[in-house]
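Remember, it's 1-based here, ligands and their atoms both numbered in the order they're listed. When a residue number appears, it is its place in the shown sequence, counting from 1.
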Amino acid sequence: MTLVAGVDSSTQSCKVVIRDAETGELVREGRASHPDGTEVHPSHWWSALQTALSDAGGLDDVAALSVAGQQHGMVCLDENGEVVREALLWNDTRSAAAAADLTAELGASEWAARIGLVPVASFTITKLRWLARHEPANAQRTAAVCLPHDWLTWRLRGTGDLADLVTDRSDASGTGYFDSVTDSYVPDLVSLGLGRSDVVLPRVLGPAEFVEGPVRLGAGAGDNAAAMLGVGGGVVVSLGTSGVVTATSDVRAEDPSGIVAGFADATGRYLPLACTLNAARVLDATARMLGVDLEQLSTLALSAPAGAEGLVLVPYLEGERTPNLPDATGALHGLTLTNATPANIARAAVEGMLCGLAVGLDALVSQGADVSGVRLVGGAAASRAVREIAPTVFGVPVTVPAPGEYVADGAARQAAWTLTGGATPPEWAGAESTRYEADAVASVRERYREAAERYLTR
Ligand SMILES: Nc1ncnc2c1ncn2[C@@H]1O[C@H](COP(=O)(O)OP(=O)(O)O)[C@@H](O)[C@H]1O
Ligand SMILES: O=C(CO)[C@@H](O)[C@H](O)COP(=O)(O)O
């Protein structure tokens with residue numbers, strides 16, 4: 001049996017799956033936690049990867065490996081390959097003013113037309129602008145810029161040579177300085193961010209291309225592109241730290257409102273995507289607030305009626321990206337003496353988180369996506385309340401693949417692709433799915449829309 005490994009270096013943890021390259025059957029797996037925070041030294045990802053790999057039984061019998069990871073994080077390296085400063089992650093909003101400036105400088109329509117994105121604080125280019133403005137010595141010392149998954153692939157490769165940095169088209173398309181139609185970096189946009197363009201950027205490998213390391217190393221991917229490869233297509237809603245709605249397309253999305261980002265996928269196509277900053281952690285915070293665990297939160301939420309008797313939770317706990325409100329805070333609206341119960345609060349948290357994602361689904365539809373059903377993945381898809389309430393908010397049937405690590409699975413499938421070559425990835429049997437159907441409750445979204453317009457800033 002030939003084995004392949006897939007890695008998901010995500011915001012909260014590192015997961016490794018080892019699968020049979022031919023059938024996709026899961027052979028073993030491992031995981032390790034990442035530290036909290038939106039500013040993290042990449043060495044933590046490296047030690048978590050080592051732990052997760054050893055937890056998964058190591059790589060001695062593995063033929064190929066690909067790393068998928070959280071998108072957009074800014075990893076700056078000096079000319080010796082040392083990390084210049086802690087990486088700023090996708091959910092670090094300190095570059096919000098830089099994003100607004102960059103958008104104003106070219107105009108939203110030109111950004112959308114040139115690279116399919118309108119800058120928001122998540123994208124790497126805004127972090128480079130922040131660095132140039134606030135830490136000019138670090139900006140000056142930066143000899144190479146890469147993304148979390150690129151850096152891990154490079155460390156695995158082990159040469160220490162900046163010229164050996166590689167990436168893939170899906171993650172490059174989220175930087176803000178890569179054109180996924182011509183598949184090339186845009187030097188004037190690198191300059192617009194960093195103030196200069198004479199930095200090393202990772203070479204962009206094709207979907208089945210590889211480089212040599214301790215094992216064959218695939219190009220890797222952004223986590224959302226890898227999840228799409230892992231579940232095998234459709235409209236995917238992922239409820240991890242971020243809430244993400246994605247589909248696959250033959251054309252790049254160019255949305256001047258910036259709600260839909262025109263990313264690339266991991267197969268040579270495109271991945272229109274809308275992303276919120278507030279998903280699974282809204283439930284973590286609500287459970288903490290109510291003094292219950294996640295299982296009890298789910299039970300409480302399902303014991304309350306749809307609409308939580310008028311309670312609406314607007315979940316902007318980390319600020320928000322969709323809509324672009326980096327300084328907004330969350331709020332609980334509609335409290336009365338009768339509806340102020342733990343059950344209603346739990347229900348409002350689940351509904352509020354899902355309503356935030358439904359805004360993204362609407363935006364995908366307005367970009368031409370056919371949303372007749374969604375596939376639910378990510379940590380919070382393990383919640384029964386989330387699975388059962390999702391169709392009432394989204395208004396379409398929801399299928400939930402068997403619990404698994406779909407980002408790491410997509411990376412493993414890419415690793416297998418490096419062994420088979422060809423235009424398409426190897427066919428692996430899809431996971432068993434459970435389908436959830438329920439009538440849409442339109443009033444939940446209507447009341448959320450009204451509440452979401454009212455928020456306090458930090
Ligand atoms: N049963 C559950 N109910 C609700 N949330 C859950 C449950 N199990 C895990 N989670 C949440 O899922 C999140 C981790 O999901 P994951 O997709 O791994 O995130 P990320 O990819 O951003 O690191 C955590 O916030 C965790 O609390
Ligand atoms: O910023 C985005 C997508 O644009 C996020 O989806 C990140 O890629 C982080 O993903 P998770 O760690 O939450 O899965």
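In terms of protein heavy atoms, atom 14 (O) of ligand 2 is closest to D223 OD2, 3.0 Å. Scanning the protein heavy atoms around atom 10 (N) of ligand 1, the nearest turns out to be G379 O, 3.5 Å. Ranking the protein heavy atoms by distance from atom 12 (O) of ligand 2 puts T11 OG1, 2.4 Å first. For atom 6 (O) of ligand 2, the closest non-hydrogen atom of the protein is S242 OG, 2.8 Å.
Heavy-atom contacts of Q70 reach the following atoms of ligand 2: 8 (O), 9 (C) (cutoff under 4.0 Å). Using a 4.0 Å cut-off to heavy atoms of V244, the atoms of ligand 2 that qualify are 6 (O). Within the listing of ligand 1, atoms 24 (C), 25 (O), 26 (C), 27 (O) sit less than 4.0 angstrom from a heavy atom of D284.
Taking only nitrogen or oxygen atoms, main chain and side chain alike, N224 reaches within less than 3.5 Å of ligand 2. Looking at R321 next to ligand 2, an N or O pair under 3.5 Å apart turns up. Between H72 and ligand 2, at least one pair of N/O atoms sits closer than 3.5 Å. Considering both main-chain and side-chain atoms, W90 never comes within under 3.5 Å of ligand 2 through any nitrogen or oxygen pair.
Within the 4.0 Å heavy-atom cutoff, K15 counts among the residues contacting ligand 1.
Listed for the N91 side chain is no donor-acceptor partner under 3.5 Å among the backbone atoms of E318.
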